[in-house]
Asks: 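Here it is, the structure, as structure tokens.
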Amino acid sequence: MQGNVRPETMERITTPALAEAFIEKQVKELRAQIGDKKVLLALSGGVDSSVVAALLIKAVGQQLVCVHVNHGLLRKGEPEQVVEVFRNQMNANLVYVDAVDRFLDKLAGVAEPEKKRKIIGAEFIRVFEEEARKLDGIEFLAQGTIYPDILESDGVKAHHNVGGLPEDLQFELVEPVKLLFKDEVRVVGKALGLPDSMVFRQPFPGPGLGVRCLGAITRDRLEAVRESDAILREEFAKNGLEGKVWQYFTAVPDFRSVGVKDGKRTFAYPVIIRAVNTTDAMTATVEDVPFALLQHITQRITTEVENVNRVLYDLTPKPCATIEWE
Ligand code: XMP
């Protein structure tokens with residue numbers, strides 16, 4: 001097994017050929033480590049866990065059990081994509097857990113951002129633990145730890161949700177991309193045949209849309225976040241901004257304002273658009289989105305998304321604002 005320090009001689013994986021060589025070596029090592037035993041992986045659909053899943057499918061096939069927990073806070077189409085790519089196309093052993101009601105019930109009435117994060121993290125571990133207990137003969141736990149996680153947080157994936165499993169569920173760790181940087185993980189993911197929409201996607205926080213449905217989460221506002229985010233992503237893709245802007249999303253606050261539609265008064269939520277650029281997420285600048293595009297997106301959101309009557313564009317850099325609103 002590899003240590004936690006990237007050797008100075010390790011070549012940066014920048015080309016498909018280098019990715020192929022890495023994959024071949026990893027597949028051999030994974031087979032040697034895992035033998036005929038079973039491996040468990042929490043598969044969120046993010047770049048890191050998806051690449052680990054694809055590597056393990058190549059190495060040990062059906063001995064890998066992927067658990068995808070749908071906590072209701074994923075972006076539009078994400079749970080479906082995980083099932084389509086991994087179960088239907090890659091023939092993975094995938095357990096899909098619909099935990100939407102569980103999470104939303106636990107979060108009901110909780111407005112404090114850090115409390116929301118804690119509840120989402122803790123409930124995730126509980127759901128994952130329950131699924132792990134249903135399975136026999138698991139000896140390994142795979143994780144999408146990458147090198148910045150090791151450098152920045154003493155080897156613990158800061159936003160990784162499966163840190164806190166109980167004593168009797170401690171498995172041997174399998175971390176095949178732990179010495180890679182994010183750009184290298186993407187090159188490997190591409191070589192493994194994962195779709196671009198998975199490999200090149202923008203960062204997405206672990207607590208997902210939960211921290212973009214501001215204050216206490218309600219189902220109507222959560223749907224407004226999800227639908228408006230889908231429109232924003234679609235329009236950015238159509239207009240050449242996907243892959244150019246570092247992170248973009250919508251947030252919906254927990255207050256309403258007065259509007260008018262078809263001659264009738266409305267009292268509905270605003271949608272806030274945020275689009276920022278950064279290299280390390282410590283500071284960020286606001287993308288200069290063409291005004292006509294903002295107007296078009298506003299038109300679409302206010303006509304297509306229920307319970308919304310206003311759209312705002314967040315002009316604040318980091319600092320003094322953070323990237324997320326919570
Ligand atoms: P902020 O809002 O602190 O965000 O400027 C910096 C980057 O971190 C992401 N972020 C999170 N990622 N769990 C995560 O996995 C979280 O709780 C979390 N909070 C913020 C944010 O999306 C941005 O990319």
Side-chain angles (χ1 to χ4, degrees), residues 6 12-14 44-51 73-75 78 113-114 116-117 120-121 144-154 156-161 177-190 196-214 225-226 228-253 271-291 293-294 297 311-326:
R6 183 174 168 124
R12 192 98 180 184
I13 302 170
T14 50
S44 66
V47 188
D48 307 336
S49 67
S50 296
V51 169
L73 307 169
L74 297 168
R75 287 173 292 198
E78 280 186 332
E114 291 315 309
K116 286 164 69 176
R117 278 190 172 78
I120 295 164
T145 313
I146 65 172
Y147 205 46
D149 300 323
I150 289 175
L151 295 178
E152 286 159 25
S153 48
D154 299 327
V156 182
K157 187 149 185 152
H159 56 269
H160 211 284
N161 288 313
V177 297
K178 73 174 174 184
L179 297 184
L180 302 193
F181 288 100
K182 195 78 174 191
D183 55 309
E184 299 179 293
V185 178
R186 295 192 208 276
V187 179
V188 170
K190 187 94 184 110
D196 282 2
S197 55
M198 221 166 221
V199 172
F200 296 106
R201 68 190 209 167
Q202 52 167 320
F204 186 60
L209 302 182
V211 289
R212 296 176 181 171
C213 183
L214 308 181
V225 178
R226 201 180 336 261
S228 56
D229 171 76
I231 291 172
L232 182 73
R233 285 191 287 136
E234 192 187 316
E235 289 299 331
F236 268 37
K238 260 196 218 158
N239 290 277
L241 294 178
E242 188 186 43
K244 176 178 175 275
V245 181
W246 194 80
Q247 196 173 18
Y248 46 96
F249 56 86
T250 61
V252 175
V271 162
I272 300 155
I273 296 175
R274 186 124 176 89
V276 296
N277 292 304
T278 175
T279 45
D280 57 5
M282 300 301 286
T283 61
T285 54
V286 176
E287 170 72 14
D288 188 357
V289 180
F291 199 68
L293 178 58
L294 286 173
I297 294 169
V311 175
L312 315 172
Y313 189 58
D314 185 347
L315 288 170
T316 329
K318 175 181 181 176
C320 58
T322 49
I323 295 175
E324 302 288 345
W325 269 58
E326 289 195 331

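These values consider heavy atoms only, across backbone and side chains, with no hydrogens, waters or symmetry-generated copies.
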Asks: Specify the closest pair of heavy atoms between R186 and V199, including all atoms of both residues, with the distance to one decimal.
Replies: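 Heavy atoms only, the tightest pair is NH1-O, 2.9 Å.
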
Asks: Do K318 side-chain atoms and A281 backbone N/O form a donor-acceptor pair below 3.5 Å?
Replies: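 A pair under 3.5 Å: yes.
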
Asks: Look up atom CG in L315 and atom CD in E287, then write down how far apart they are to the nearest 0.5 Å.
Replies: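 Reported value, rounded in 0.5 Å steps: 12.0 Å.
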
Asks: With a 4.5 Å cut-off on side-chain heavy atoms, are K182 and D48 touching?
Replies: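 Yes; the side chains approach each other to less than 4.5 Å.
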
Asks: Hey, could you give me the CZ/CZ distance between R75 and R212, rounded to the nearest 0.5 Å?
Replies: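 Going from the CZ atom of R75 to the CZ atom of R212 covers 7.0 Å.
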
Asks: Determine whether L293 and L241 make a side-chain contact, defined as any pair of heavy atoms from C-beta on separated by less than 4.5 Å.
Replies: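 Touching, per the 4.5 Å side-chain cut-off.
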
Asks: Run the side-chain contact (heavy atoms from CB on, under 4.5 Å) test on T250 and R226 for me, step by step, so that the C-alpha distance in whole Å, both residues' side-chain angles and the decisive distance to 0.1 Å come before the verdict.
Replies: CA-CA 8 Å; T250 61; R226 201 180 336 261; over 6 Å; no

Asks: What are the two closest non-hydrogen atoms of L209 and V225, and how far apart are they?
Replies: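 Looking at all heavy atoms of both residues, the closest pair is CD2-CG1, 4.0 Å.
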
Asks: So, the side chain of K178 versus the backbone of I150: is there a donor-acceptor pair under 3.5 Å, distance only?
Replies: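 It does not hold such a pair.
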
Asks: Any heavy-atom pair between the side chains of F236 and K244 that's under 4.5 Å?
Replies: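 When only atoms from C-beta onward are counted, F236 and K244 do not touch, as no gap falls below 4.5 Å.
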
Asks: Is it the case that over 12 heavy atoms from other parts of the model lie below 6.0 angstrom from the CH2 atom of W246?
Replies: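 Enclosed.
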
Asks: Answer yes or no: are there more than 12 heavy-atom neighbours, outside K238 itself, under 6.0 Å from its atom NZ?
Replies: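 Result for NZ/K238: enclosed.
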
Asks: When you measure from the side chain of Q247 to the backbone N and O of P203, does any donor-acceptor pair fall under 3.5 Å?
Replies: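 Yes, because the side chain of Q247 sits within donor-acceptor range (under 3.5 Å) of the backbone of P203.
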
Asks: Sequence neighbours left out, what passes side chain to side chain contact (heavy atoms under 4.5 Å, CB included) with F181? Give chain and number order.
Replies: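 Side chain to side chain contact (heavy atoms under 4.5 Å, CB included) check on F181 returns R6, R12, Y147, P148, L151, D183, E184.
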
Asks: Taking all heavy atoms of L294 and all of Y313, pick out the closest pair and write down the distance.
Replies: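 For L294 and Y313, the tightest heavy-atom pair comes out as CD2-CD1, 3.8 Å.
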
Asks: Between I146 and L180, is there a side-chain heavy-atom distance shorter than 4.5 Å?
Replies: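 Not in contact.
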
Asks: Tell me if a side-chain donor or acceptor on S49 pairs with a main-chain N or O of S44 at a distance below 3.5 Å.
Replies: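 Checked: pair present.
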
Asks: Taking all atoms of both residues into account, what is the closest heavy-atom pair of A275 and V289, and its distance?
Replies: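 Here A275 and V289 meet closest at CB-CG2, 4.3 Å.
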
Asks: To check you understand the geometry: which heavy-atom pair defines the closest contact between K116 and C213, and what is its length?
Replies: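 What the structure gives for the nearest pair is NZ-O, 2.9 Å.
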
Asks: Would you say CG of D288 has more than 12 non-hydrogen atoms from neighbouring residues, nucleotides or ligands within 6.0 angstrom?
Replies: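 No, the 6.0 Å shell around CG holds no more than 12 heavy atoms from other groups.
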
Asks: First locate atom OG1 of T316, then atom CD1 of I323, and finally report the distance between them rounded to the nearest 0.5 Å.
Replies: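 Atom-to-atom, T316:OG1 and I323:CD1 are 12.0 Å apart.
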
Asks: Can you tell me how far the CG atom of L232 sits from the CD1 atom of I297, to the nearest 0.5 Å?
Replies: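 Reported value, rounded in 0.5 Å steps: 5.0 Å.
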
Asks: Are E324 and P205 side-chain neighbours, meaning at least one heavy-atom pair lies under 4.5 Å?
Replies: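 Touching, per the 4.5 Å side-chain cut-off.
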
Asks: Nearest 0.5 angstrom please: T322 OG1 to R274 CZ, how far?
Replies: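 Taking OG1 in T322 and CZ in R274, the distance rounds to 7.0 Å.
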
Asks: Out of curiosity, L73 CG to I120 CD1, how far, rounded to the nearest 0.5 Å?
Replies: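 Reported value, rounded in 0.5 Å steps: 5.0 Å.
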
Asks: Using every non-hydrogen atom in the two residues, find where L74 and E78 come nearest and quote the distance to one decimal.
Replies: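 Scanning both residues completely, I find the closest heavy atoms to be CB-OE1, 3.5 Å.
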
